[in-house]
Amino acid sequence: MKRRNFIKNASLTGVGITVGASAIACNKEKKTPSKETATINTSKFPIAICTWGFAEANAKAGEALSNNSSALDAAIEGVAVEEENIKNTTVGKGGTPDRDGNVTLDACVMNSDGDCGAVLCVENITNVAALAKKVMEDTPHVMLAGKGAEEFAYAQGFKKEELLTEASKKAWEKWKETSKYKPIINIENHDTIGMLTMDNNGNMAGACTTSGLGYKMKGRIGDSPIIGSGLFIDNKIGGAVATGMGEEVVKTVGSFLIVELMRQGKSPQEACEEAISRIVSKGNRYKDFQIAYLAMNKAGDIGSYCIHKGFTYMKYQDGKNEQNQSDYYNKE
Ligand code: SD4
């Protein structure tokens with residue numbers, strides 16, 4: 001199913017912009033959040049949120065959290081739904097290939113202890129977020145790329161799979177007739193799944209997984225597997241994820257920026273807006289690409305903001321899984 005249709009068909013019961021003021025009290029003089037004064041209402045937990053209308057993935061994570069899964073395991077279980085969904089042409093198996101026909105995947109994960117793992121430009125492995133967790137846990141490193149990541153996967157028992165489906169091969173062959181690459185706003189080649197989870201104890205984690213930009217150059221890596229760009233978690237403060245034109249997210253280290261802005265006392269909404277403003281204030285190029293951020297603070301408040309209309313995100317809380325519309329910058 002095409003992304004737009006998928007979004008249309010997903011539950012829209014929760015449409016509305018979530019603008020939550022941070023419940024984390026901030027010591028204004030020191031400009032650092034005061035842990036002592038933080039008001040955390042644990043009855044709000046667990047929470048799972050993810051980019052776009054990935055309803056099934058988000059529900060999976062929410063249910064895992066409700067069954068006492070750790071925040072990281074729930075996020076990995078959630079995003080695996082889309083990694084395995086061959087109709088999704090932007091994540092995992094069935095993802096759009098690079099311009100030479102290779103499907104190369106990027107992913108990263110981060111847990112509530114501040115540990116992280118990432119895999120970049122990996123071929124033949126579907127569950128790359130789970131692989132990123134293995135890098136985090138079973139190697140002395142944070143990132144593995146390409147063949148090294150793939151060999152590590154086999155050593156860890158991951159299965160070799162053909163990620164190029166008949167449908168994505170056909171689409172690639174059609175693309176080759178003109179070989180024109182122009183990023184298009186909000187279409188199927190821009191729908192990374194980034195997920196943030198908060199478990200029953202209020203601990204946070206996240207995962208971000210993608211096949212990257214469709215028909216990218218061979219070897220190209222975007223923001224999604226880069227800790228601080230596609231994803232960042234600080235369990236004392238909150239977390240953020242990004243989707244959209246990765247090159248621009250990397251230039252402003254978007255997810256780290258949002259968490260640091262929350263640390264300084266901004267709400268998740270204010271922090272996402274500031275991160276977008278760092279991009280759009282550089283000139284008019286933003287008109288040609290989309291970027292969206294999604295953030296959650298330690299109190300469970302959520303914010304999201306994007307450049308152009310069309311970004312939605314899922315929120316699972318109190319057993320309800322709802323799709324929300326994000327506010328956006330370009331109101332022209
Ligand atoms: C990338 N940020 O590789 C990813 C692509 C994407 O939503 O988000 N899409 O640049």
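In each ligand, atom 1 is the first atom listed, and ligand 1 is the first ligand listed. Heads up: numbering here begins at 1 and tracks the sequence.
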Ring centres under 6.0 Å, that's the criterion: do Tyr286 and Tyr329 meet it?
yes
Kindly identify the option in Val249, Asp223, Leu213 whose heavy atom sits closest to atom 2 (N) of ligand 1.
Asp223
For the pair Glu173 and Lys176, find out whether any cationic side-chain nitrogen is under 4.0 Å from an anionic carboxylate oxygen.
no
Residue portion contacting ligand 1 (non-hydrogen atoms closer than 4.0 Å) for Gln290:
neither
Does ligand 1 come near enough to Gly244 that some N or O of the ligand is less than 3.5 Å from an N or O of the residue?
yes
Would the number of heavy atoms belonging to other residues, nucleotides or ligands and lying under 6.0 Å from CD1 of Ile86 be above 12?
no
Taking only heavy atoms of Asp191 into account, list the atoms of ligand 1 that are under 4.0 Å away from them.
7 (O), 9 (N)
Any atoms of ligand 1 less than 4.0 Å from a non-hydrogen atom of Gly212? List them with their elements.
3 (O)
With Tyr328 via ring-ring contact (aromatic ring centres under 6.0 Å, His included) - residues at least two apart:
none
N/O separation below 3.5 Å, Thr210 to ligand 1:
no
Enumerate the atoms of ligand 1 whose separation from the nearest heavy atom of Ser224 is less than 4.0 angstrom.
2 (N), 4 (C)
Under a single-linkage rule joining Ile, Leu, Val, Met, Phe, Trp and Tyr whose side-chain heavy atoms are separated by less than 4.5 Å, which residues share a cluster with Met136?
Leu72, Ile76, Val109
Would you say Glu247 has any N or O atom under 3.5 Å from an N or O of ligand 1, going by distance alone?
no
Would you call Arg263 and Asp234 a salt bridge, using N to O less than 4.0 angstrom?
yes
Determine, considering heavy atoms only, which of Val241, Thr51, Thr192 sits nearest to atom 9 (N) of ligand 1.
Thr192
So is there a nitrogen or oxygen of Met245 less than 3.5 Å from a nitrogen or oxygen in ligand 1?
no
side-chain contact (heavy atoms from CB on, under 4.5 Å) with Thr96: of Trp175, Tyr215, Trp172, only one passes, and it is Tyr215
